Amino acid sequence: MSFLLESLREAALLLISLDADVCRVAATSLVISLAAVLMASLVGIPLGILVAVARFPGRSLLLGLLNALMAMPTVVVGMLLYGMLSHRGPLGEWHLLYTRGAIAIGQFLLIFPLIWNLSIAAVRNADWRIDYTSRILGASPLQRGLVLMDEMRYALLAAAIVGFGRAISEVGIAMIVGGNIHGFTRTMTTAIALETARGDFEFALALGILLLLIAFVVTFGPQQLQQKS
């Protein structure tokens, strides 16, 4: 018990003193995850709105596939992306393996189906009487779309936040295609795994506490947005 309490004290000191290594690893995780969420939101939200309002052959199969992809293990995404980016893979000439860009692409592939699916759900739960009223008042299709987007803004933002939580907490993709390179591609999750194995439990615990704080904010955010919507 004394070991855990002493480790907690050392971890708290690292966080309070804004240890350079802790800040560097946390900043790397935040930058990569935010980039992945931005890319996934820019693609997933418009596709979610399109699939929710359109009717086309294979729509049910697509929805089932999206549901299945939401539970895809991160190591599977990392393994497939490694095969694509390795020097023997079809995208090997891009030289992205073991870079932050590779991790961001992997996280994009991980959370893209999630944001897409949650955007479809957001459109389904929207109050379509607003669209009917807009049409009666003579609004153009673009204006009607913007009004609906405004109506769903909290639900769509919640979808992006959920995607961020999934991205920043994953470890398989960052480990496989990032390489866990110190000061370059080392994220909070890969650093926790490495430092725990090395015996630097205090450093790993400091990162774990920081990750839990971020997870709390990520969880608390959608809850407040849902109450507002």
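Please read these numbers as outputs of a predicted model, since none were measured by experiment. Reckoned from all heavy atoms, side chains included, excluding hydrogens, waters and symmetry mates.
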remark   = All heavy atoms of A102 vs all of L81, minimum pair found to be O-CD2, 3.4 Å
ask   = Can you check whether P113's main-chain N or O pairs, donor with acceptor, with N117's side chain at less than 3.5 Å?
value = no
request  = Using modelled atom types only, decide if a donor and an acceptor are shared between the side chain of E10 and the backbone of L14 within a distance under 3.5 Å.
outcome  = no
inquiry  = Under 4.5 Å between side-chain heavy atoms, counting indirect links through other Ile/Leu/Val/Met/Phe/Trp/Tyr residues: same cluster for L18 and V25 or not?
reply    = no
task = Would you indicate whether the side-chain heavy atoms of F203 and I192 approach each other to under 4.5 Å?
result = no
inquiry  = Side chains of L69 and W116, heavy atoms from C-beta outward: is any pair under 4.5 Å?
reply    = no
key: Backbone of V51 reached by a side-chain donor or acceptor of R59 within 3.5 Å   = yes
task = Report yes if some heavy atom in the side chain of I214 is under 4.5 Å from a heavy atom in the side chain of L30; otherwise report no.
result = yes
ask   = So how far is it from L65 CG to L61 CG, rounded to the nearest 0.5 Å?
value = 6.5 Å
request  = Go through the steps to decide whether E202 and D200 satisfy the test side-chain contact (heavy atoms from CB on, under 4.5 Å), and finish with yes or no.
outcome  = CA-CA 6 Å; E202 295 78 9; D200 192 355; 3.6 Å; yes
ask   = Stepwise, does the side-chain contact (heavy atoms from CB on, under 4.5 Å) test hold for T190 with V171?
value = CA-CA 6 Å; T190 58; V171 63; 4.2 Å; yes
key: Donor-acceptor under 3.5 Å (R88 side chain, L85 main chain)   = no
Shortest non-hydrogen contact between S86 and G83, atoms and distance = OG-O, 3.6 Å
inquiry  = To the closest 0.5 Å, what do you measure between CE (M188) and OG (S33)?
reply    = 7.0 Å
Any donor-acceptor pair under 3.5 Å from E6 side chain to R9 backbone = no
query = With hydrophobic residues grouped by side-chain heavy-atom distances under 4.5 Å, do V31 and Y98 end up in a single group?
reply = no
ask   = To the nearest 0.5 Å, what is the distance between CG (L80) and CG (L109)?
value = 9.0 Å
key: Transitive ILVMFWY side-chain link I105 to W94, under 4.5 Å   = yes
ask   = If every non-hydrogen atom of A26 is compared with every non-hydrogen atom of L210, which pair is closest and at what distance?
value = CB-CD2, 3.6 Å
inquiry  = Donor-acceptor pair, distance only, cut-off 3.5 Å: does the side chain of Q107 make one with the backbone of A167?
reply    = yes
task = Working to the nearest 0.5 Å, report the span between OG1 of T74 and CD1 of I176.
result = 7.5 Å
Shortest non-hydrogen contact from T185 toward I103 = O-CD1, 3.7 Å
ask   = Going through the distances and angles, do F108 and V37 end up as a side-chain contact (heavy atoms from CB on, under 4.5 Å)?
value = CA-CA 7 Å; F108 163 80; V37 170; over 6 Å; no
ask   = Between atom CD1 of I115 and atom CD1 of I120, what is the distance when rounded to the nearest 0.5 Å?
value = 12.5 Å
Backbone of F184 reached by a side-chain donor or acceptor of R100 within 3.5 Å = yes
query = When clusters are formed by joining ILVMFWY residues with side-chain heavy atoms under 4.5 Å apart, either directly or through shared neighbours, do L207 and L205 land in the same one?
reply = yes
remark   = Note: M70 and R166 closest approach over all heavy atoms is O-NH2, 3.7 Å
inquiry  = Taking the side chain as everything from C-beta on, heavy atoms only, tell me whether S119 gets closer than 4.5 Å to I49.
reply    = no
request  = For this output row, return yes or no: ring centroids of F3 and F201 closer than 6.0 angstrom.
outcome  = yes
G163 versus L114, closest heavy-atom pair with distance = CA-CD2, 3.9 Å
Chi angles and distances behind the side-chain contact (heavy atoms from CB on, under 4.5 Å) call for R186, E195 = CA-CA 11 Å; R186 184 164 297 170; E195 299 302 336; 4.0 Å; yes
ask   = Any chain of hydrophobic side-chain contacts (each under 4.5 Å) joining V43 to M72?
value = yes
query = Out of curiosity, L97 CG to M84 CE, how far, rounded to the nearest 0.5 Å?
reply = 12.5 Å
